[in-house]
Amino acid sequence: MADTALAAPPRSPLSHAADRLAAATRASRGAIRLAELPFLTQVTVRLDAKGAAADTVGLALGLQLPLEPGTAVRAGESTALWLGPDEWLLVGPPGRERDWESRIREAAGDEPVSVTDVSAQRTTLLVTGSRARDLLAHGCPLDLHPRDFEAGRCAQTTLGRTQVVLVSRDEPRAGFWVLVRSSFAGYLADWLLDAATEYV
């Protein structure tokens with residue numbers, strides 16, 4: 001007998017907080033916007049930045065791997081984040097992990113490369129609005145002034161004592177991405193909601 005049970009749709013780490021994030025956004029009247037961007041593809045790539053593979057992988061993806069520390073490069077819907085001298089995090093729409101992995105391995109050829117799908121490891125919080133920097137500054141040790149953390153910058157840091165990857169988006173009024181481990185996402189959402197009460 002065929003199994004006719006429907007598979008449950010995947011639940012994002014912050015699906016339970018969506019209503020509260022939306023309510024805080026409405027209450028702030030544009031000062032703060034909080035939302036989860038669930039299920040983004042996230043793939044880590046490690047290779048020799050000075051080797052031939054760095055250029056060929058970038059060409060294969062249509063996305064240049066940034067070589068300057070703490071920078072992010074965007075091409076269309078995909079973004080490459082510099083995490084270390086030989087490590088990048090690729091972030092894009094859901095469902096790209098297998099395509100990216102095959103393109104990277106083919107482009108690298110015989111060059112050593114490590115490709116790891118970490119999409120389920122983290123979720124992404126979107127923090128935008130006119131007071132987004134002020135909100136994040138409450139719990140982040142970085143200087144988030146635009147002259148020091150301008151659009152197109154990224155950093156591995158802490159926010160509310162939680163390890164995150166913070167990205168200053170380079171699109172107009174795009175604000176920030178906060179990439180947080182799924183197991184800490186609920187705590188961080190609560191922290192952001194509590195900090196956001198100042199702007200409600």
Side-chain angles (χ1 to χ4, degrees), residues 13-14 32-50 54-55 57-58 61-94 96-97 100 104 113-129 131-185 188-189 191-192 195:
L14 291 176
I32 299 294
R33 178 180 173 222
L34 300 172
E36 183 188 19
L37 303 176
F39 310 122
L40 294 181
T41 295
Q42 298 184 43
V43 172
T44 59
V45 179
R46 300 200 70 166
L47 52 78
D48 181 359
K50 296 179 181 176
D55 289 332
V57 165
L61 295 173
L63 179 65
Q64 179 185 353
L65 299 179
L67 299 180
E68 181 183 341
T71 57
V73 172
R74 181 174 59 88
E77 297 180 294
S78 302
T79 302
L81 310 176
W82 186 97
L83 296 186
D86 66 349
E87 182 178 7
W88 296 265
L89 178 64
L90 307 180
V91 183
R96 292 203 175 165
E97 51 276 359
W100 278 355
I104 292 166
V113 63
S114 170
V115 186
T116 307
D117 176 15
V118 293
S119 304
Q121 182 186 61
R122 298 186 191 96
T123 192
T124 304
L125 278 155
L126 177 67
V127 182
T128 65
R131 304 301 298 273
R133 284 182 192 271
D134 299 327
L135 173 65
L136 295 172
H138 279 299
C140 182
L142 297 178
D143 182 353
L144 298 180
H145 191 281
R147 70 173 171 262
D148 293 309
F149 200 71
E150 63 190 348
R153 304 294 298 184
C154 66
Q156 296 183 81
T157 185
T158 58
L159 179 62
R161 299 185 180 182
T162 302
Q163 291 183 339
V164 300
V165 178
L166 184 63
V167 183
S168 182
R169 303 281 288 141
D170 67 349
E171 300 169 83
R173 297 183 300 280
F176 299 86
W177 277 350
V178 181
L179 285 71
V180 59
R181 289 186 183 273
S182 297
S183 55
F184 289 94
L188 187 60
W191 183 91
L192 286 166

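The structure displayed is predicted, hence computed values, not measured ones. If you read the sequence from its start, that first residue is 1, and numbering goes on from there.
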Value for CG (Leu135) from CD1 (Ile32), rounded to nearest 0.5 Å, stands at 4.5 Å
Check the pair Trp191, His138 against side chain to side chain contact (heavy atoms under 4.5 Å, CB included), reporting the backbone distance first and the verdict last. CA-CA 10 Å; Trp191 183 91; His138 279 299; 3.9 Å; yes
Considering residues, nucleotides and ligands other than Arg133, do more than 12 of their heavy atoms fall under 6.0 Å from its CZ? yes
Results of salt bridge (Lys or Arg N to Asp or Glu O under 4.0 Å) for Arg96 - residues two or more places apart only: Glu77
Checking Thr128 side chain against Ala174 main chain: does a donor-acceptor pair fall under 3.5 Å? no
I'd like to know if the side chain of Trp100 and the backbone of Leu61 have a donor-acceptor N/O pair within less than 3.5 Å. no
How many angstroms lie between OG1 in Thr71 and CG in Leu65, if you round to the nearest 0.5 Å? 10.5 Å
Here the salt bridge (charged side-chain N to carboxylate O under 4.0 Å, His left out) pairs for residues 39-48, sequence neighbours left out, are Arg46-Asp86
Is a donor on one side and an acceptor on the other found under 3.5 Å between the side chain of Gln42 and the backbone of Gln121? no
Can you tell if the side chain of Leu67 reaches within under 4.5 Å of the side chain of Trp88, non-hydrogen atoms only? yes
Evaluate Leu89 against Thr79 for side chain to side chain contact (heavy atoms under 4.5 Å, CB included), listing each step before the verdict. CA-CA 8 Å; Leu89 178 64; Thr79 302; over 6 Å; no
Pairwise distance CG(Leu126) to CZ(Arg169) - rounded to 0.5 angstrom: 8.5 Å
When rounded to the nearest 0.5 Å, the distance separating CG of Leu179 from OG1 of Thr123 is 8.0 Å
Under the side chain to side chain contact (heavy atoms under 4.5 Å, CB included) test against Leu90, which residue among Val118, Ile104, Val115 passes? Ile104
Are side-chain heavy atoms of Pro141 and Thr158 found at a separation under 4.5 Å? yes
Assess whether side chain to side chain contact (heavy atoms under 4.5 Å, CB included) is satisfied between Leu144 and Leu166, documenting all intermediate values. CA-CA 10 Å; Leu144 298 180; Leu166 184 63; 3.8 Å; yes
